[in-house]
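Beneath this line is the structure, given in structure tokens, with notes to follow.
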Amino acid sequence: MLFKKSTENIMKKVNCGFLKISCRKLHNEIQENLLKRSLLEKEASRLTLRLWKKALLSLKEIARGNEQDNLHFSKLEKEQKNNPDMLPVNRKEELNSRVNYYYNWARELIQQESDIFIYEKEDENLTEDQVMRYFHFLRDGEEKRIFVLQKYGYKDPCSNLLCVNDIDELEKSMMDLIRYQNRHQTTDYTFYESDNSIFNDDDDDDDFL
């Protein structure tokens with residue numbers, strides 16, 4: 001009976017040891033994942049700022065006006081001469097109005113997606129929905145910026161500021177992290193932490209003998 005009790009105590013101690021090791025390993029993996037997530041989100045922030053900078057530089061270009069604008073305004077001025085009821089054409093105001101419209105549009109686009117990487121809990125995992133939403137925003141914003149430039153006959157003044165390879169590489173890195181999280185996802189970590197007594201490093205092994 002004494003031998004049986006001693007054996008059970010030894011096995012309990014061994015199991016506790018395994019739980020301690022598993023908990024530490026999981027804790028280290030979680031911290032590593034949080035660090036990776038933080039670094040990737042910083043890179044996402046950098047790319048977002050690049051997109052915003054490109055939008056501002058594009059608007060600055062549009063504010064100057066070009067030959068296509070001159071032809072458009074000349075046409076309006078001719079129409080105005082033939083139609084006294086039309087308001088006089090003010091080129092500067094027309095350009096400013098256009099720039100303000102697209103500035104507010106770009107700012108709203110940035111702001112409405114500013115909460116993508118906000119978490120209720122600090123240790124939450126990055127999700128595929130977040131990644132898909134972010135890269136849709138990034139690519140869609142860039143496509144719309146180029147569309148506006150082409151619509152008014154402007155060349156892209158900052159085509160090298162946001163590299164497609166940077167976007168693709170960041171997306172791949174985020175999806176790799178999500179796949180890693182999914183492969184190693186476990187609920188045991190919470191269970192291990194729930195019973196602090198089994199992680200008491202002051203336990204004396206001799207007590208089980």
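As a basis for the values below, the full set of heavy atoms in this structure was taken, side chains included, without hydrogen atoms, waters or symmetry mates.
Residue pairs satisfying the ring pair (Phe, Tyr, Trp, His ring centres under 6.0 Å) criterion with at least one member in residues 38-71, sequence neighbours excluded, are listed as follows: W52-Y103. Pairs engaging residues 116-136 under the ring pair (Phe, Tyr, Trp, His ring centres under 6.0 Å) rule: F117-Y134, Y134-F137 [sequence neighbours left out].
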Which atom pairs, one a donor and one an acceptor, fall under 3.5 Å between side chains of residues 104-112 and the rest of the protein, sequence neighbours left out?
from, atom 1, to, atom 2, distance (Å)
N104, OD1, R107, NH2, 3.4
N104, ND2, N100, O, 3.1

List the atom pairs, with distances to 0.1 Å, where a side-chain N or O of residues 55-63 and a protein N or O form a donor-acceptor pair under 3.5 Å, not counting sequence neighbours.
from, atom 1, to, atom 2, distance (Å)
S58, OG, K54, O, 2.8
S58, OG, R145, NH1, 2.8
E61, OE1, R64, NH1, 3.1

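In this structure D129 satisfies the salt bridge (Lys or Arg N to Asp or Glu O under 4.0 Å) test with no other residue, sequence neighbours excluded. For the side chain to side chain donor-acceptor pair (under 3.5 Å) test, no residue two or more places apart in sequence or in another chain qualifies with S173. Scored by the side chain to side chain donor-acceptor pair (under 3.5 Å) test, S38 finds no partners at all (sequence neighbours excluded). Remark: K144 engages D140 in a side chain to side chain donor-acceptor pair (under 3.5 Å) (not counting sequence neighbours). For the side chain to side chain donor-acceptor pair (under 3.5 Å) test, residues two or more places apart in sequence or in another chain that qualify with D176 are K172, R179. Residues satisfying the salt bridge (Lys or Arg N to Asp or Glu O under 4.0 Å) test with E169, not counting sequence neighbours, are none.
Put simply, CE on M174 and CG on L40 are 5.0 Å apart, with the number rounded to the nearest 0.5 Å. The line from NE2 of H72 to CG of N70 is 11.0 Å long, rounded to the nearest 0.5 Å. The line from CG of D166 to CG of L47 is 6.0 Å long, rounded to the nearest 0.5 Å. Note that the CG atom of L177 and the CG atom of L39 stand 10.5 Å from one another [nearest 0.5 Å]. Of the inter-residue distances, the one linking T48 atom OG1 with E43 atom CD reads 9.5 Å to the nearest 0.5 angstrom. Taking CG of L170 as the reference point, atom CE of M175 lies at 12.0 Å (rounded to 0.5 Å).
Residues I178 and M132 do not share a hydrophobic cluster, defined by chaining ILVMFWY side chains whose heavy atoms lie under 4.5 Å apart. One hydrophobic cluster, built from ILVMFWY side chains closer than 4.5 Å, holds both Y101 and V99.
At least one side-chain heavy atom of D69 sits under 4.5 Å from a side-chain heavy atom of Y154. Looking at L149 and P157, their side chains come closer than 4.5 Å, going by heavy atoms from C-beta outward.
The 12-atom threshold is exceeded at CE of M86, counting heavy atoms of other residues, nucleotides or ligands nearer than 6.0 Å.
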Inset, instruction - Decide yes or no on salt bridge (charged side-chain N to carboxylate O under 4.0 Å, His left out) for E142 and R139, but give the supporting numbers first. - result: CA-CA 5 Å; E142 177 66 355; R139 292 189 173 103; over 6 Å; no
Inset, instruction - Show your working on salt bridge (charged side-chain N to carboxylate O under 4.0 Å, His left out) between K36 and E32 and close with a plain yes or no. - result: CA-CA 6 Å; K36 288 180 180 178; E32 184 179 353; 3.6 Å; yes
Inset, instruction - For side-chain contact (heavy atoms from CB on, under 4.5 Å), just list the numbers for F147 and E143, CA-CA rounded to whole Å, side-chain angles, deciding distance to a tenth of an Å, and then say yes or no. - result: CA-CA 6 Å; F147 169 79; E143 288 174 2; over 6 Å; no
Inset, instruction - Begin from the C-alpha positions of E77 and R91 and carry the test salt bridge (charged side-chain N to carboxylate O under 4.0 Å, His left out) through to its verdict. - result: CA-CA 10 Å; E77 288 168 347; R91 298 190 178 203; 3.3 Å; yes
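Taking all atoms of both residues into account, the shortest heavy-atom contact from L34 to E124 is CD2-O, 4.4 Å. Nearest approach of E171 to V131, heavy atoms of both residues: CG-CG1, 4.4 Å.
E41 and R37 are joined by a salt bridge, as a carboxylate oxygen and a charged side-chain nitrogen come within less than 4.0 angstrom of each other.
In the hydrophobic clustering, L95 connects to F73, L76, V89, either directly or through intervening members, whenever side-chain heavy atoms lie under 4.5 Å apart. Cluster partners of L87 are absent, since no Ile, Leu, Val, Met, Phe, Trp or Tyr has side-chain heavy atoms less than 4.5 Å from it.
Panel note: side chain N66, backbone Y152; a donor-acceptor pair is recorded below 3.5 Å.
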